[in-house]
Amino acid sequence: MDISDLLKPYDPTLNEPKILERWQKDGAFKPRGKGKPFAVVFPPANVTGVLHLGHALTIAIQDIIIRFRRMQGYDTLYIPGTDHAAIATQAKVEAELYKKEKKTRRDFSREDFLKMVEDYAANSQSAILSQLRTLGASCDWDHLAYTLDDKRSFTVRTAFSRLYKMGLIYRGTRLVNWDPKLQTNVSDEEIEWREEVTPFYYLRYGPFVIATARPETKFGDKYVVMHPKDERYAKYKHGQKIEVEWINGPITATIIKDDAVDMEFGTGVMTITPAHDAADYAIAERHSLDKDSVIDLQGKLLPIAGEFAGQHISKARQLIVAKLESKGLVEKIDEKYIHRVAVNSRGGGVIEPQIREQWFVGVNRPFTLEHSEIRGLEAGSKITLKQLLRHTVESGQVKIIPEHFAKTYFHWIDNLEDWCISRQIIFGHRIPVWYRDQEVYCEISAPSGDGWTQDPDTLDTWFSSALWTFSTLGWPEETPDFKKYHPNALLETGYDILFFWVARMILMSGALLGQLPFPVVYLHGIVRDPERQKMSKSKGNVIDPLDIIKKYGTDALRFALIYGNSAGTDMAFDEARVRGMKNFANKIWNIARFVLTNAPDEVSQKQSASETEADKAILASLETTIKLVTQNLEDFRFNEAAQGIYDFIWHELADKYLEASKNQLKDPSQAENTRYLLRYCLKACLRLLHPFMPFITESLAPLLGEKNLLVESAWPEK
RNA sequence: GGGCGUUUAGCUCAGUGGUAGAGCACUUCAUUUACACUGAAGGGGUCACAGGUUCAAAUCCUGUAGCGCCCACCA
């Protein structure tokens, strides 16, 4: 390429693919093997679909950091990867299957269905990787990882069995969030609450009136609960038994006094359904009450419902209310009650809590930290995961940016319950536990001998992504990669997965390695649509980064996402801003045309005697800009770094110095030094701008005599 | 119910103690001589409101209001 190729205006769509090829051919993103290690993982993208603008922001920030540090001489490693996203992916395939062929997963064998999900995941993965490249992510593709590939699966089994032996993973029976649609349970974090207007029934229950939004669950209600201090019911004693006429005839009810009851709400009296409601379950636990199931795993009523047994709860409600009315048990109905319904946010159905035996990570169980590089936690000390999670952030060893998210993090820890990690879906890591009669065997691989059966459940997808900072580096092998790049240099991700992912990485790294996964967490905000709505397929407001790139180029998109956005703050996506940044790219292109036309060859520096005021001013301004950009990048203020380089290039170099140079070039005593400075400033700008706009800078660099790829060049010092 | 954030120019947002900023939009001039995806000049804000601290507050403190998010077992 030479100056005649600098057609006008700048066309990123022609230019960017060529640059991608050059980086690719050169292996430019591999760690150089010398310098201080600096590793960053790309948050493994779900193979449920393609990348969105949020990923583009992630890549823009991470790639700026990586390119900046690489130029500074660090041994950078940027690890790309994808996440199998267990439930979300399986739900998606099931939904498409039903839409296309009206079939469900139960119409196929486990193997055949799994094959379909895996094909879907593989397709999606190749699309994602191509997008990562298009967005300019300078990842080392040799380190590509997938949460469900063989190496990662081995890491997962190792982690599971070690945590099991440490007493941190246990099997327990308790109330879990059951999704009857997907036939699996999900963790508390995966639940989304939706408000719904529903009738609220006031029912006569012996001498009391109880209120409920869900009469279909009330068959087994044999405990009636009230607050111990409620004067209205003082004459009833805890444990007292009374006979009441109920849906299917008389039952014996027991009075329970518990201060969980809100005296102000409803009538101040309630009956409980411990097997299908978390609050009721907690009361039943406190008083050792029976927890009879009323609903089966498909959402149908059990024999306890008498004549209604076998009916689906969604259909049974009206019939039950009709019967209650015929028996005169309905006091009144409030038609406008607002009820909160729990829904599986991973494409599932309405949650129906069920008592089930599941696998948990116990966050309050003391364990011995065998090895520790975490300050304040001695090797051999006994702590709980909760304490570990709190300590790492509280002690400042994991610094969260912006700082206020640390408060959110602590708040979450304080309310944290054991993490339910087993799922009843088939796409994911099979739990490495085998049973034979009463024997339980937990190891990395199956036991020898006959008669063993493996636990049919799979793991929560976040279990494998929690290991990501080291599963990608070869752990449990003590690989050179692992020794060099763990802890990672920092973690960069969206604040929306602080609990799902960030906290659990701290947990796994601490418990298994006695290390922090990273010293810094930089959280970015959510990219919203121009009306500030969250983008989602169902709303139809998703903006595809590839469409934007086609119109304005990757450089412009990256710069627009960075410019004017601060850590942890949501942004409303504004196409006009991207257009503005495309203009900026064009500006640089034209600066280069001017410089190359007027100073086509390398010039050596003239002595300062011939320096003009403009010369001095531009050099001083360049020096300030280098300091400013460097400092802001080191302090994670990407927006200010971007603004600094933008202002210098456009308003100092172009608007002032280029204009001044037009006269200076006519003066023989100044011409040579001016040519030198034009080239010098532009070259410095290309380097400073490279992390932000890697494509246009890389393509201009050779025209100015840069011998090496800009990716591999040194960061400007002065 | 608990927690967190936010309110700055028409729009989208930076700015955290020292004379109010950017991008887009707008007005006037310049008409192609690196760039019209341009240049020069300019208009536009009592920085939500009320108190307080300070020589000095958009910035720190207290309170109020609007908006938003997260967490939570009101049946």
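We use all heavy atoms of the structure for the numbers below, so side chains are in, but hydrogens, waters and symmetry mates are not. Residue numbers start from 1 in every chain, and the chains themselves are labelled A, B, ... in the order their sequence lines are given, proteins ahead of strands. Just so you know, these numbers come straight off a predicted model, no measurement behind them.
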How would you label the contact of A/Tyr563 with the nucleic acid (heavy atoms, under 4.0 Å): base, sugar-phosphate, or nothing? sugar-phosphate

Kindly compute the distance separating CG (A/Asp258) from CE (A/Met270), expressed to the nearest 0.5 Å. 7.0 Å

From C-beta outward on A/His404, which listed nucleotide comes closest to its side chain: B/C4, B/G23, B/A25? B/C4

What nucleotide among B/C70, B/C13, B/A75 has an atom nearest to a side-chain atom of A/Thr212? B/A75

Have a look at A/Ala282 and say if it touches a base, only the backbone sugar-phosphate, or nothing, with a 4.0 Å heavy-atom cut-off. nothing

Considering only B/A34, B/A14, B/A72, which nucleotide approaches the side chain of A/Arg340 most closely? B/A72

Please check this pair: side chain of A/Tyr337 against backbone of A/Glu196, looking for a donor-acceptor N/O pair closer than 3.5 Å. no

Check this for me: does the side-chain of A/Glu640 come within 3.5 Å of the base of B/A22 through a donor and an acceptor? no

Measuring from the side chain of A/Thr408 (C-beta onward, heavy atoms only), which nucleotide among B/C35, B/C73, B/C4 has the closest atom? B/C4

Has A/Tyr337 got a side-chain N or O lying under 4.0 Å from the OP1 or OP2 atom of B/A75? yes

Pick base, sugar-phosphate or nothing for A/Asp655, based on heavy-atom distances below 4.0 Å to the nucleic acid. sugar-phosphate

Please classify the nucleic acid contact of A/Asp262 as base, sugar-phosphate, or nothing, using heavy-atom distances under 4.0 Å. base

Taking any heavy-atom pair under 4.0 Å as a contact, classify A/Val261: base, sugar-phosphate, or nothing. base

Salt-bridge criterion met for A/Glu285 and A/Lys291 (N-O under 4.0 Å): yes

Could you measure between the two C1' atoms, the one in B/A14 and the one in B/U53, and give it in whole Å? 27 Å

Could you tell me if the ring centre of A/Phe638 sits under 6.0 Å from that of A/Phe68? no

Atom C1', compared across B/U19 and B/A57: separation rounded to whole Å: 14 Å

Using a heavy-atom cut-off of under 4.0 Å over every strand shown, decide if A/Ala576 touches base, sugar-phosphate, or nothing. sugar-phosphate

Does the ring centre of A/Tyr563 sit less than 6.0 Å away from the ring centre of A/Phe692? no

Does A/Glu192 pair with A/Arg194 as a salt bridge, N-O distance under 4.0 Å? yes

Pairwise C1' distance, B/U8 and B/C13 [rounded to whole Å]: 9 Å

Under 4.0 angstrom, heavy atoms only, what part of the nucleic acid is A/Phe499 near: base, sugar-phosphate, or nothing? sugar-phosphate

Does A/Gly268 reach a base, just sugar-phosphate, or nothing at all? Heavy atoms under 4.0 Å. base

Integer-rounded Å distance: B/C69 P and A/Phe405 CZ: 13 Å

Would you indicate what A/Gly266 reaches in the nucleic acid, counting non-hydrogen atoms under 4.0 angstrom: base, sugar-phosphate, or nothing? nothing

Please work out if A/Ala585 contacts a base, only the sugar-phosphate, or nothing of the nucleic acid, heavy-atom cut-off 4.0 Å. nothing

B/U38 P sits how many Å from A/Asn583 CG, rounded? 5 Å

Between A/Asn598 and A/Ala211, the residue closer to the 5' end of RNA chain B by nearest nucleotide is A/Asn598

With hydrogens left out and only the distance checked, is there a donor-acceptor pair under 3.5 Å joining A/Lys407's side chain and the base of B/C4? no

I want to check a possible cation-pi pair here: A/Arg558 against A/Phe584, using under 6.0 Å from ring centre and within 45° of the ring axis as the test. no

Tell me whether the NZ or CZ atom of A/Lys582 lies within the 45° cone about the ring axis of A/Tyr552 and under 6.0 Å from its centre. no

Give me the distance, rounded to whole Å, that separates B/A48 from B/U6 when you measure between the P atoms they each carry. 12 Å

Interatomic distance, CD@A/Glu652 vs OG1@A/Thr625, rounded to 0.5 Å, equals 7.0 Å

Check ion pair A/Lys683-A/Glu706 (N to O, under 4.0 angstrom): no

Any side-chain N or O of A/Thr569 less than 4.0 Å from the OP1 or OP2 oxygen of B/A14? yes

Classify A/Tyr552 by what it touches in the nucleic acid, base, sugar-phosphate, or nothing, heavy-atom distance under 4.0 Å. nothing

Please pick, from B/A14, B/C37, B/A34, the nucleotide with the shortest atom-to-atom distance to any side-chain atom of A/Pro9. B/C37

Students often get this wrong, so: under 4.0 angstrom with heavy atoms, is A/Thr273 touching a base, only sugar-phosphate, or nothing? nothing

Separation of A/Asp570 atom CG from B/C70 atom P, in whole Å? 10 Å

B/U33 OP1/OP2 closer than 4.0 Å to side-chain N/O of A/Lys662: no

Same-atom distance (P) from B/G2 to B/C73, integer angstrom: 16 Å

Of the nucleotides B/A75, B/C69, B/A22, which one has an atom closest to the side chain of A/His339? B/A75

A/Glu531 has an atom CD; how far is it from atom P of B/C13, in whole Å? 11 Å

Can a cation-pi geometry be assigned to A/Arg317 and A/Tyr201, taking NZ or CZ under 6.0 Å from the six-membered ring centre and within 45° of the ring axis? no

Using the side-chain heavy atoms of A/Tyr646, tell me which of these nucleotides is nearest: B/G23, B/G15, B/C37. B/G23

Just the rounded figure in Å: distance from C1' of B/C11 to CE of A/Met571. 14 Å

Considering only side-chain heavy atoms of A/Asn639, which listed nucleotide, B/C35, B/A14, B/A75, is closest? B/A14

Which part of the nucleic acid does A/Trp650 contact within heavy-atom distance under 4.0 Å: base, sugar-phosphate only, or nothing? sugar-phosphate

Closer than 4.0 Å, any side-chain N/O of A/Lys218 to the OP1 or OP2 of B/A75? no

Based on Watson-Crick and G-U pairs with both distances under 3.5 Å, what dot-bracket line describes RNA chain B 5' to 3', crossing pairs as [ ] and inter-strand pairs as |? ((((((((.[[[[.)..(..]]]].(((((.......))))).....[[[[[..)....]]]]])))))))....

Say we look at B/C29 and B/C67: how far apart would their P atoms be, to the nearest angstrom? 45 Å

B/U7 to B/U59 separation - C1' atoms, rounded to the nearest Å: 14 Å

Side-chain donor/acceptor of A/Thr630 to backbone N/O of A/Leu628, under 3.5 Å: no

Roughly, in whole Å, what's the span from CZ in A/Phe265 to P in B/C74? 9 Å

Sticking with atom C1', work out how far B/C26 lies from B/G44, rounded to a whole angstrom. 9 Å

Of the options B/G39, B/C35, B/A22, whose atoms approach the side-chain atoms of A/Arg577 most closely? B/A22

Whole angstroms only, please: what is the NE2-P distance between A/His411 and B/G2? 10 Å

Whole-Å gap separating C1' (B/C74) and CG (A/Asp259): 14 Å

